[in-house]
Structure formats: C-alpha cells, structure tokens
Amino acid sequence: MLDKRYDPKEIEKKWYDFWIEKEYFKADSKSDKPPYCIVIPPPNVTGSLHIGHALDNTLQDIMIRWKRMSGFNTLWMPGTDHAGIATQNVVEKDLNSKGTDRHALGREAFIEKVWEWKKLYGRTIINQLKVLGASCDWSRERFTLDEGLSRAVREVFLRLYEEGLIYRGEYLINWCTRCHTALSDIEVEHEDRQGKLWQIRYDFVDEEGGLTVATTRPETYLGDTAVAVNPEDTRYTNLIGKKVRLPIIEREVPIIADEFVDSTFGTGAVKVTPAHDPNDFEMGKRHDLPFINIMTGDGTMSEEAGPYKGLDRFECRKRVLEDLEKTGYLEMTQDHDHALGHCYRCKTVVEPYLSKQWFVKIKPLAEEAIKAVKDGRVKIIPAGWENSYFDWMENIRDWCISRQIWWGHRIPVWYCESCDEIIVSRETPEKCTCGSTELKQDEDVLDTWFSSALWPFSTLGWPEETDDLRTFYPTSVLITGFDILFFWVARMIMMGLKFRGEQPFHHVYIHALIRDAEGQKMSKSKGNVVDPLEMTEAFGTDAVRFTLAAYAAQGRDIKFSEERVEGYRHFLNKIWNVARFISMNVDNETEVRSISDIHDSKLSLSLADRWIMSRLSGVSRDVNHALDEYRFNDAASLLYQYVWHELCDWYVEMIKPDLSSTNAESKSAALSTLIYVFESALALMHPIMPFITEEIWQQLPARADVDSLCIRAYPVYDEKLHNRESEKKMDIIINAVTGVRSIRGELNISPSRELKVFIKTTGEVEEVLTDNMTFIMKLARTAEIETGSEISVPKNSATAIKSSMEIFVPLKGIIDVDAEITRLNKEFSKTEKEFTFLSRKLTNVDFIEKAPEAVVKECRRNYDEYLDKLQSIRDNIDKMKELEESD
RNA sequence: GGGCGGAUAGCUCAGUUGGGAGAGCACAGCCCUUACAAGGCUGGGGUCACAGGUUCAAGCCCUGUUCCGCCUACCA
C-alpha cells in the first residue's frame, strides 16, 4: 500500500542510484540498434545550476529517455567547459580576497590553483544534473581541458594554420581592461547609453582660424594623427592637405579626404585616431597614418598621452575636457545617445585596442556552414532562427582566438629565440630548425569557444577514429538557448563540417530564455533568480520537470512562476492517488490479465474499457508525434489531459461498480484494463517525470517484463486498441451525464438527492444509453432512468437538450419554475446565436458554391441539429409557462 | 539604422496546412460521493492590439499604425 502522499525526496535518490547501478544510461558503440546522440552544452565547470540549465537539460533528458525507451542506442554525452575567462575571474577574486593575485603567484602556481579549485567545485553542477534526473552516460564524461580534448584542439589549430586559415597580426581588437585580454566581436555586449557629443576646435597651423571636429571620446584626441573630411564636401575642399594643431599637446596633423566621412554628421569633420577606433584604424591604413597607442592594457594613459600619462581613461576624459574648456578649444557639448560595448564576462567598457593577436580566417568555414543549413543537412527548429544564423554568418568577421589569460589551451606555437622561426606543432618541440633549443611558447591561450566548437567530435574521441565517433557522429540533435547560437552552435557547424566533413548534428532545437514572473531577465544583481534546486526541494523534481516541459512552447520567452510548479505538483498527487486506488483494489482472488489476453478477447471488456484503451492508443500516437517535433508543451498537456480528465475523471469513476462487484469476470476485466492503461500512461510520462513513474511502476501488480520503466518500450499507436465506435458511444454517455449534472449544478440540487431522469431519444442513442445504464446512473447520481421515443415532459421538470436527446428531471415541489424558464431562455439565446450564424452561412450562395463539400455538409448537419435543439427548448419553455399559468 | 518576435479570458499562455476560439491558475455556487479537499461537480468571463485589404470564410494570409521585448550594427 502506498503512502497517502507522494514524498519525492528519498524516492528520487533511490531510483537514480538504481538506474546508475544497472547502467541503463550507458551507450554501446557496437550496438545494432539505431543510434541517437545528444552532446550536452557543457556547463561552466565552476558554475552551479540555474533555471536555464534546468530547462535545457530537462528537454534533453526527455528526448534521450523517450528515444531510449523507443529502442534506440542512446548516448547523452556529458561534460563541462573550462570557461577560461569566467573561471579565471572566479579564482582571481578568491586570491584578491586573500590579499594576493595571480601575478604574485606566477603562471604555473596560478594554474595549479585553478585546478585545485576545479577539483573542489567542478562536480557541483554535475551533481545537480543528477538531482535533476539527467540520464547522461557518466562513464564518458569529458572536460574541455582534459588530455583528449586538448589533443583535438592542437590538431585543429595546426591544420588550420597549415591551410592558412589561422594567422597572426596586429589589429584593433576588443580589449577588456579589467580581464586584461582580447575578446572576439561577439563577446562584446552593446548597450545604449546616454552620452555626449563634444565639438573641439583644432587651429590651423598656417593661417587664422580652425576646424571643429565632433567626438564622443575627447580623450582620444591625444592619439589623433589626422582630421578627415569628405572629398565631396565643398565646405572643406580647400582645406584638404593643410595642417591643424592639436590643442594643448600641440601636435600637427594633416587634413585628409576620405569617402567614409559623413558630411551630415556633427561638423562634417572627423578626428582620426587610428589606434583607438575601428573606422579610424581602416582610415589610418588607407592613408598610411601613424598609429599612436595612448593607452596601456589596464586602461590607463600611456607615455604617448603626454601630460595625462598614468590617468585612468575616464579620469583622463574629464581632465581633457576641463583643459579644453579652460583653453577655449571646447566649442560645444550636446546630448548624444550611442551604443557602448561591454565585456560579456565582467561588464567593463571594452576598449578598441591595437595589439598582436591570432585570428581564424572565417569566411571559407562560414560558407560551408551556411550551405549546410540552406540545404537542410542542419535543421534549425524553430526555423525563424535560421534568419539570424544566415545574417550573422554572411557578415561574419575574422575570429580573434587569442586570449591574454592563463587558464585555457595554450596556443601551440613556439618562437625561436635565435632566429625568426615560428613553430606550430602537435607536440612540444625540442629544438628549432636552426638547431637552437631556445624556444619560447606563445604566452596566450585560446578562446574557450575554440575548444567548445569541437565538442561534438572531440568528446567522441577525435582525432582518433573511434567506434563512438563512427556510431554517434553526426549526433542527432543539439538542444540549447538562442543566446549561444553564434558563440557555439554556428562554430560547431563550421568545425564539424571542416574536420569531419559532416554536420555535427541533424537538428538544432533552440528553446526560449526563462525570465521571472514579470518578464525580467533573471540576474544575480537583480535578485530575481529562481533556483531550480529550491524548486525541486519544495515540489519534487518531477513537478519541476513537468512544469518546464509544459512551459516549453516554441518561440516565446518563458515567464516562470512558482505557482505553476505548485499546480503541477497537484497533478503528481493525482497520479499517486490513482496508484493508491489500484493497490486498494488488487486482491488475491482477482486475476490481472495481460494485454495479450485482452487482445485475444479472453476477457470481455466493457464500453469504458474499450474506450480508455482506444484513447490510450490515440494519446500514445499524439505524444510521440509531439515529441518528434519538439513540441514538449503539447506532449505535457496531452498527458495531463488524458490522465486527469479521461482516466481519472471518467474511466476510474465508471469502473468503480465493476471493481466492487462480485462478478469475478467483470472485476478482472476492469482491473486488468485499468492497470494496463495506467502502466502505459506511466511509460508515456516517464521521460518527463522519471521518478514518480518509476516508483509507482515498480509496485504495480502487472507490468511489462523489464526491470525498470526507463527501458520499457515506449507506447505507440496500437491499431488493435483503436476503437472509434467506443469513443462515439462514450460521447453519448458523457452527454447524458453532464446533462443531468448541469441541471443539478445550475438549479443547486444537492448531490445527495437521488433523481429520477427521463431521456427522450431513439434508435442507436437509446440503445447505448440502456446498455450502459449502470454507468450513467452512477455518474449522474440517479435512482432511475427511463428512456424512449415517446416520453413526454413530466410536470415540473428541468430540461437539458443534448444532441439526439432531451433530458428531463422531474423535481416535484422543488423546482423553481421561474428559475428554470430563465435557465432555458439563456440556453435558447446561446443556441440561437449559433443557429443564426449557421443559417446565414447556408443562405450564402458563394459559400455553398465555393466552400469544400465536407465543410458545407458539416454546416448543414449542425444546422439541422441546432434547429432541433431550438425547437425542443422552445417547446419546453412553453410547457413551463403553461405550468406556471395553471398553478 | 537593419532584422526578428510578441499583443487572445482577471493572470500565465496554447491555438501545426484559413472553416467564427481552448487550457491551467484565479473567480462564483454546490459537495468531505469509501484514490485524491493538493479533491469532485457546475457555472460566469474574450470586438483574438488598432485600421485597411485578400477570401464564400481571417486569431491565422497581405499592407499600414501603436505599444512591448529581443538580436544585430564601425555615423565620429
């Protein structure tokens, strides 16, 4: 006997351990079964599980468990990401709090420290995934910095370098002055800011007056090496070639002409700072201007900034403005909004900074990756994201892959101290071709995303040609949020195509972002973060998983509310109670028959039995279909609807008389059917709610012949169970029952009062009603039901009109005639509205001629039905009125 | 500046080839009917943002408008 309430805690742990012990999650690289593989988006090794992870991994687990039960050789490949900048920041923060820093420690000791940190905290998120129920093959778990993956990284670097797709050069890159490293373009987050536009006058060198330029960054004037105007701009054509003098520092720079300059903006003259602005950089190249770097890596002013040397860049701006103001060179200040780039890891304002970096020449890789999506080798779901993908890929710029941090894959490049040789190698080289052993490895490490781009094949053993790789690559689907579409998904496609010749996955399923109940993005600083583990503590993991699945409709962000989790916990409680109900009805005498007995008609099933079986078959079909299209919310609501509103509300109620009957045969049929459909429903729900379903399943008196629900065959559409006839008949019964209930409810008749009911009907409908009288009487709580075509309205009756039947409930002495007339009038006008709509449609010649025949036919049928119904209601109202008058 | 998405019941949202709208929660009434009060039954509630258009027929397709998100961008 099950406990009165479902208590998730111990149960969850028990079954997770059981699954692991039985190795159900282990993939087989030599299996004959069709493969199904998902690689996990590797969470940051020092991170902890947030609600976005919970969603992402629940969806993956649903797919994996579903496919595993459906007979696939499944591999859910788990692992973690070393997350270079993020992890280094965390450890540096810790060092800072202890009064030291990484420079004091030195490179080797610092890296040692990070590894220690990883050992301490690196399992946190993995353990949290296990709490969530993730059925990963943990025996294959990988880490982006482990040996195998590092080999893959060096192999890819080398091959790209040899093909000329990796190069080194001095360019203007995005520099985070706090993280002290270069960033790629997408690692910069742009944010609109209210700013100022300042106009500064530069005096002419050889004549009176000056030229005014507009800028949002006045401090960079210290690095100006020209002033540019548009060659077409007649205001300035006579000035081209002349010189101006920069205020205060008195450097002389030329006035040049460049098409880039927009003469309508500002004053039409722009200061050119080639070392501190991307456009100016290009202009500098075009005009062969000097590049003056006025800043150092930590965002303070360099030697080149003259009197401002040593100042922080923002302090410098203030001082420059003050000085320009004082000397009269600041001519105007106006408001000006513009987007400002911030570091995606620490939110510091990013600085365009001139430095020597490694880049991937990305266009050739991107072209292939665009093709793969265009020709359908990779399908992005929902397809709307393909546009973003193409847009980004088509305008992609070379990828800066070197980072000036220590935690990561060190760039496999060595420089000879004796000659100019550059050695790129898989293994650490002993000596240079010139014979020198004085080799120095490049100081930088690679962008973390460089290694994660290889994840789908590096985790499977590449560059080794492993069984895993042969079996599971390309993987089946990648499930992730849109926020890393460019960072990760696009790059995996590029690298997968390049190094495997095949796309890394067939599908990319992109799910929404989870926001708080007000629609705000969750963030630690706002304090509106929902901790999924707190949720699982409070409501159980299954309730959280079910909620996430139910929320996961395509194409819209999720506003997460705890109340909804609470609501679905009620669903679990409902499931639990069906199980209790079953266990209460199982006894030693009653034989529980198998599905094959049912199929072989070895026991006679009631209409209810046949109906719930048929519905099971239909729901199985629909759930499979929904999951096949990643419509998780549909799958969840189909199951919710079936279990609660069909199985519990109708079926269980209908078989109660059979279960308590002394007729062994009918009890056996009902109980066998109940257990069969419930066992199947548990299987259908298992991918979404693995724990409660396993717990109950293990205690069922009859079930499929396997040791765990997680390897039971997933239910599918069963033609033998499909039974349209029974569904049609059930509709009639449900109509009759709800008809009586409506009368009871609306006229406030106590449920304890047993009613006598007359139903006027004919033919097949009457047959169905008489055949199932016990069901109807039980569900409608009636003492007696009379059916027939000749039934006339008894005195003082309430009436309900349903298709093909009129239901009368005589309520002598109780009925309020006025109330009943009101009720019928309401029903009449409701019906009339429908009716006039239909009749208007049918009198429309165009509709009759142009609409498909089936639609017109349907419309006619409804018309007739509503016409009958209206007539019946009218009649009944008249009779009521007669009654009223005769009284 | 460009692109994408959203606006449907009081709230949160479904609505898959166009055939006059659904769920959960909330609300109201009745009920402890021996699985479940975390429950049962019944009921009220919607100009599908606005304005046009296509069509026999529009929540759905087209155009425009308003409001709200997001992505992207080198106008200093």
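Every heavy atom of this structure was used, including side-chain atoms; hydrogens, water molecules and symmetry mates were not. By convention in this document, chain letters (A, B, ...) are assigned in the order of the sequence lines, proteins followed by strands, and residues within each chain are numbered from 1. Quick caveat: nothing in here was measured; it's all calculated off a predicted structure.
- Between A/His336 and B/A76 there is a side-chain N or O to OP1 or OP2 distance below 4.0 Å.
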Close N/O contacts between protein and nucleotides 8-13 of chain B (under 3.5 Å):
residue, atom, partner, partner atom, Å
B/C13, OP2, A/Lys559, NZ, 3.2

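- For A/Lys656 and B/U33, the shortest distance from a side-chain N or O to OP1 or OP2 is not below 4.0 Å.
- The residue A/Arg823 sits apart from the nucleic acid: no heavy atom pair falls under 4.0 Å.
- The residue A/Val272 sits apart from the nucleic acid: no heavy atom pair falls under 4.0 Å.
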Tabulated below should be each protein N or O lying under 3.5 Å from an N or O of nucleotides 44-46 of chain B; please produce it.
residue, atom, partner, partner atom, Å
B/G44, OP1, A/Lys830, NZ, 3.4

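- With B/A35, B/G19, B/C70 as the choices, the nucleotide that has an atom nearest any side-chain atom of A/Ala851 turns out to be B/G19.
- Side-chain proximity of A/Arg580 to the nucleotides B/C56, B/U42, B/A35 is greatest for B/A35.
- Residues passing the side chain to side chain donor-acceptor pair (under 3.5 Å) test with A/Trp697 are A/Glu679, sequence neighbours excluded.
- OP1 or OP2 of B/G40 sits under 4.0 Å from a side-chain N or O of A/Trp644.
- As judged by a 4.0 angstrom heavy-atom cut-off over every strand, A/Asp262 is placed among the base-contacting residues.
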**Message:** Reading 5' to 3' and counting Watson-Crick or G-U wobble pairs with both distances under 3.5 Å, write the dot-bracket notation for RNA chain B, | for bases paired outside the strand.
**Reply:** (((((((..((((.....[..)))).(((((.......))))).....(((((..]....))))))))))))....

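- For the side-chain contact (heavy atoms from CB on, under 4.5 Å) test, residues two or more places apart in sequence or in another chain that qualify with A/Thr216 are A/Leu197, A/His336, A/His338.
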Scan nucleotides 60-63 of chain B against the protein and return all N/O pairs shorter than 3.5 Å with their distances rounded to 0.1 Å.
none

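- For A/Val652, counting side-chain heavy atoms from C-beta on, the closest listed nucleotide (B/C41, B/C36, B/A35) is B/A35.
- Residue A/Cys859 is classed as having no contact, given no heavy-atom separation below 4.0 Å to the nucleic acid.
- OP1 and OP2 of B/G2 both lie 4.0 Å or more from every side-chain N or O belonging to A/His190.
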